[in-house]
Amino acid sequence: QIAQLIDQNRISRDEGDLPHQFVDGKKIRKIFVPQAMRRDLVDGRLAVVKYRGRYDVVPADVAEKIRERDAASVMSAGQPGNEDTVDEAYADYKVPDDLMW
């Protein structure tokens with residue numbers, strides 16, 4: 001079922017040049033994705049899943065279905081509205097648009 005969900009909903013990340021980092025077990029992994037896909041990954045609209053040693057990007061609702069079957073298969077799922085949260089102590093400081101970790 002997991003393989004079928006991934007195969008039917010996989011989003012191509014060809015021509016991706018921006019790194020997206022996530023945790024897999026005790027290691028930090030990196031895949032390269034286009035800018036729009038990276039923004040959707042951070043915002044929680046997309047998620048990184050792992051199956052049979054391969055990392056793929058799928059919509060968040062598909063990732064939830066995969067998580068129900070095997071929680072360890074979902075590597076990265078951002079939180080909606082994540083980029084808009086501002087700590088009051090730093091509210092006066094503007095974050096550069098090109099800042100990535």
Discussion item. Less than 4.5 Å apart, side chain to side chain, heavy atoms only: is that true for R29 and M75?
Written reply: no
Worksheet item: Got D24 and Y55 here, is their nearest side-chain heavy-atom distance under 4.5 Å?
Response: yes
Discussion item. So, taking the atom named CG in D70 and the one named CD in Q1, what distance separates them when rounded to the nearest 0.5 Å?
Written reply: 11.5 Å
Worksheet, complete the sentence: Between P34 and D14 the two heavy atoms that sit nearest each other are CG-O, 4.0 Å
Worksheet item: Could you go step by step and tell me if E68 and K65 meet the salt bridge (charged side-chain N to carboxylate O under 4.0 Å, His left out) rule?
Response: CA-CA 5 Å; E68 291 171 2; K65 291 177 184 176; over 6 Å; no
Fill in: Which atom of V62 lies closest to which atom of L5, heavy atoms considered
CG1-O, 4.1 Å
Worksheet item: Stepwise, does the side-chain contact (heavy atoms from CB on, under 4.5 Å) test hold for I31 with F22?
Response: CA-CA 9 Å; I31 58 172; F22 55 93; 3.9 Å; yes
Fill in: Side-chain donor/acceptor of R38 to backbone N/O of P19, under 3.5 Å
yes
Response to the item:
Of all heavy-atom pairs linking I6 and I66, the shortest is CG1-CD1, 3.6 Å
Worksheet item: What closest approach, in Å, do L46 and P59 show between heavy atoms, and which atom pair accounts for it?
Response: CD2-CA, 3.8 Å
Worksheet entry | Cluster link F32 to L18, ILVMFWY, side chain under 4.5 Å | no
Practice prompt. Supply the atom-to-atom distance D56 CG to N9 CG, rounded to the nearest 0.5 angstrom.
Written response: 11.0 Å
Worksheet item: Which heavy-atom pair separates R13 from V57 by the least distance, and what is that distance?
Response: CD-CG2, 4.0 Å
Worksheet item: Of the non-hydrogen atoms in V74 and A63, which two are nearest, and what is the gap between them?
Response: CG2-O, 3.5 Å
